[in-house]
Every structure is written in structure tokens, then in C-alpha cells.
Amino acid sequence: MYDYDLLVVGSANADLVIGVERRPAAGETVLGGDLATHPGGKGANQAVAAARLGARTALLARVGDDAHGRLLIDSQRAAGVDTVGVLVGGAPTGVALITVDPSGDNSIVVSPGANGRLAPADVRAAVSLFHTSRVVSAQLEIPLETVVEVVRNLAPGSRFVLNPSPPRPLPGEVLAACDPLIVNEHEAKVLLGEVCVSEEPADWARLLLAKGPKSVVVTLGAEGALVADAHGVGSVPSVTVDAVDTTGAGDAFTAALAVRLGAGASLTEAAGFAARVGAAAVTKRGAQDSYPTAAEVEALCCAHPGDTPRTPGTRSDSVPGTSERGETL
Ligand code: RIB
């Protein structure tokens with residue numbers, strides 16, 4: 001009945017990455033390693049992550065008519081993503097300037113470029129993709145009015161997954177469509193604003209749920225993740241890995257969660273799988289280059305058979321599995 005397991009609507013960026021000993025403070029200049037250019041962007045990353053897991057995936061995005069745009073389209077096609085929805089032109093391809101330190105943590109500045117021109121009309125023109133997709137996912141590196149149009153074009157019975165990154169206040173119409181809304185600590189606090197008086201992640205999950213989503217996932221890095229829906233709040237364990245580069249691991253988590261939910265898994269089961277995919281993604285450099293196949297996720301599980309649920313804490317890492325090097329997540 002569905003042609004696609006997942007339709008991703010979102011950004012595509014060229015990631016310009018420099019390894020540094022220490023990420024610079026305000027007003028500081030640091031020397032780094034050689035510049036590397038990778039395909040990235042939260043939407044393009046999600047699409048590649050889903051396809052690599054074996055999901056039938058399409059991407060609705062906009063890139064510039066330039067070398068970065070061609071790099072991005074090529075990487076989507078190489079992963080098996082249907083690029084029929086990738087529009088070309090209007091502005092230069094989006095660019096992300098990324099520094100990565102030896103612990104694998106990063107800092108990112110995004111110039112949206114063509115992502116900022118992905119318009120509500122582009123969503124309406126791609127309505128056939130919405131009618132043939134089991135799950136639709138989005139992020140916030142594209143205009144908010146475009147995300148609003150996405151939820152207005154969801155087909156009956158399809159599921160909407162949102163990672164509000166970078167975070168900003170969301171209209172009730174978007175919140176109500178989320179199943180789930182996926183946030184890390186920073187995103188949770190921005191969305192909750194003044195309402196957030198607690199440092200307890202389970203409270204963030206409950207407060208976010210009260211804003212209208214059908215379900216919520218709070219990722220807590222080394223502390224795993226929380227899932228919340230009408231049945232209550234539960235925890236999901238993390239996985240032991242050596243973190244090399246956390247870039248794009250949150251996108252892999254979201255894609256894996258969306259794919260598993262579409263396959264009929266419960267929110268807890270899907271988040272557990274997504275945590276393993278996110279953990280695998282931090283063990284390699286880059287975003288899309290680090291994403292595992294289903295077989296590689298399986299191998300990671302066998303390598304860490306003793307993973308157990310943990311008490312949720314307050315770490316702000318965006319993905320269960322993005323810890324200090326060698327720490328048990
Ligand atoms: O989530 C990681 C992504 O954020 C990078 O690929 C970069 O392009 C930015 O969008």
C-alpha cells in the first residue's frame with residue numbers, strides 16, 4: 001500500500017569539518033586539522049540513515065545548482081534514497097561549519113541557503129509523496145511554515161515524527177501532529193521555556209506531552225532515553241561505545257526510530273533500536289559515513305549483550321551513545 005517506509009522533509013547541507021584540539025571560545029582563534037567536506041544536513045542525514053537500515057526512503061529537500069548540491073544528491077542516490085523530491089536552485093546549497101574535538105563533541109554553524117527556500121508550495125507540489133509514505137519526518141533547518149504545511153498534508157493513517165532542531169517555539173498544530181516529538185535536553189528546555197522549573201527529565205517529558213504531542217522521546221546521551229505517551233513515562237538503556245564523532249548521531253537516532261515505528265514496533269522497542277543505531281553512528285567520523293546497516297546494528301548488540309536499563313539522568317548529549325570515550329552509556 002505504501003511506496004515508502006519513510007519520507008524525510010528537511011535540510012541538506014555540505015558539512016565543512018575541521019578537527020580541533022579544543023573548540024574555540026568567543027574571540028578565540030584555534031588551529032585545526034585539514035578541512036574535510038561531507039554530505040550532511042539533518043534531513044539528508046535522516047534519509048541516508050533510514051535507507052542504510054533497509055527502509056524504502058524518499059527525501060523532499062532543496063539544494064543549490066552547484067557542486068555541493070551534486071555531492072548531496074549523489075550521496076542520497078548511493079544510499080538508495082529516492083531523490084524525486086529533491087529540488088534544485090533558488091540559492092546556494094546549505095553549508096554547515098563544524099568543529100569536532102578529540103572527545104567527539106562538535107560545534108555547528110549552519111548557513112541554510114537553499115534549505116531556507118524549501119517553501120510550503122514545494123510541499124503541496126509533492127503531495128503524492130505524502131500519500132505513499134507510511135511515516136513522515138522533519139526537523140527545523142527549513143522554514144517553520146514549511147513544517148506546518150507538512151503536517152497539513154499528512155495522509156490519513158501516516159505517522160509524523162519531528163526532531164525540533166535547531167529548537168524554536170512550535171505552533172499547537174505542529175505539536176499535536178508529533179508521534180513522537182524527539183528532543184534532547186537543550187531542545188526540551190527551549191520548547192518548555194518558562195514552564196520548565198525542573199531539572200528532572202521525566203518532568204520535561206510529561207510537560208512536553210501536555211503541550212499536545214501524542215508521544216515524546218527525550219534523549220539523554222550517556223543516560224539513555226525516556227519515552228512518554230498516554231500510558232506513562234519509561235526509560236530506554238544506552239549502549240557502550242567509544243565515541244569518535246557525534247555529528248549526525250541524533251539524525252540516525254530519529255531515522256531509526258521512525259523506521260521501526262513504521263514497522264509496527266512499540267515506542268519503547270523503537271527507541272531501544274534507535275539508541276543502538278545512534279551509538280553505532282558515533283563510532284565513526286562524519287555524519288552519513290558513520291551510519292550502520294541493520295547487520296552492523298545487530299553486531300553492535302552482540303558486542304554489548306549486557307546493556308541494562310539505567311536511571312535517567314540529566315546529561316545533555318543528544319543521542320544515547322554519545323558519551324566520553326570508552327564510558328559505559
Ligand atoms: O545533525 C548534524 C547535522 O547538523 C550536520 O550534518 C550539519 O549539516 C547540521 O545540519
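Only this structure's heavy atoms are used, side chains among them; waters, hydrogens and symmetry mates stay out. Because the structure is a prediction, the values reported are computed rather than measured. Read the numbers this way: they start at 1 and go in the same order the structure lists the ligands and their atoms.
For the pair Ser11 (side chain) and Lys42 (backbone), a donor-acceptor distance under 3.5 Å is present. At distances below 3.5 Å, at least one donor-acceptor pair connects side-chain atoms of Asp245 with backbone N or O atoms of Gly286.
Taking only nitrogen or oxygen atoms, main chain and side chain alike, Lys42 reaches within less than 3.5 Å of ligand 1. Checked against a 3.5 angstrom limit, the closest N/O atoms of Ser11 and ligand 1 fall outside it. Residue Ile98 has no nitrogen or oxygen atom sitting less than 3.5 Å from a nitrogen or oxygen atom of ligand 1, judged on distance alone.
Nearest residue to atom 2 (C) of ligand 1 from Asn115, Leu16, Asp251, Val110 is Asp251 (criterion: closest heavy atom).
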Using atom types as modelled, flag every donor-acceptor pair under 3.5 Å from a side chain in residues 85-97 to any protein atom, sequence neighbours excluded.
unit_1 : atom_1 : unit_2 : atom_2 : d
Thr93  : OG1    : Gly64  : N      : 2.8
Thr93  : OG1    : Asp66  : OD1    : 2.6
Thr93  : OG1    : Asp66  : OD2    : 3.4
Thr93  : OG1    : Gly69  : N      : 3.1

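At least one side-chain heavy atom of Val17 sits under 4.5 Å from a side-chain heavy atom of Val100. In this structure, Pro292 and Val277 have side chains that are in contact, with non-hydrogen atoms separated by less than 4.5 Å.
Protein heavy atom at the shortest distance from atom 3 (C) of ligand 1 is Asn45 ND2, 3.7 Å. Among all non-hydrogen protein atoms, the one lying nearest atom 8 (O) of ligand 1 is Asp15 OD1, 2.5 Å.
Using a non-hydrogen distance threshold of 4.0 Å, Gly250 does not register as a contact of ligand 1.
No part of His38 comes within 4.0 Å of ligand 1, judged by heavy-atom distances.
Side-chain contact, Arg77 with Thr83: a donor N or O sits under 3.5 Å from an acceptor N or O.
For Glu173, the salt bridge (Lys or Arg N to Asp or Glu O under 4.0 Å) partners at least two apart in sequence or on another chain are Arg152.
Of all the atoms in ligand 1, the ones that sit under 4.0 Å from a non-hydrogen atom of Gly40 are 6 (O), 8 (O). Ligand 1 places these atoms under 4.0 Å from at least one heavy atom of Ala96: 7 (C), 8 (O). Counting the atoms of ligand 1 from 1 in the order shown, those under 4.0 Å from a heavy atom of Glu141 are 4 (O), 9 (C), 10 (O).
Judged by the 6.0 Å distance and 45° axis criteria, Arg260 is positioned over the aromatic ring of Phe273.
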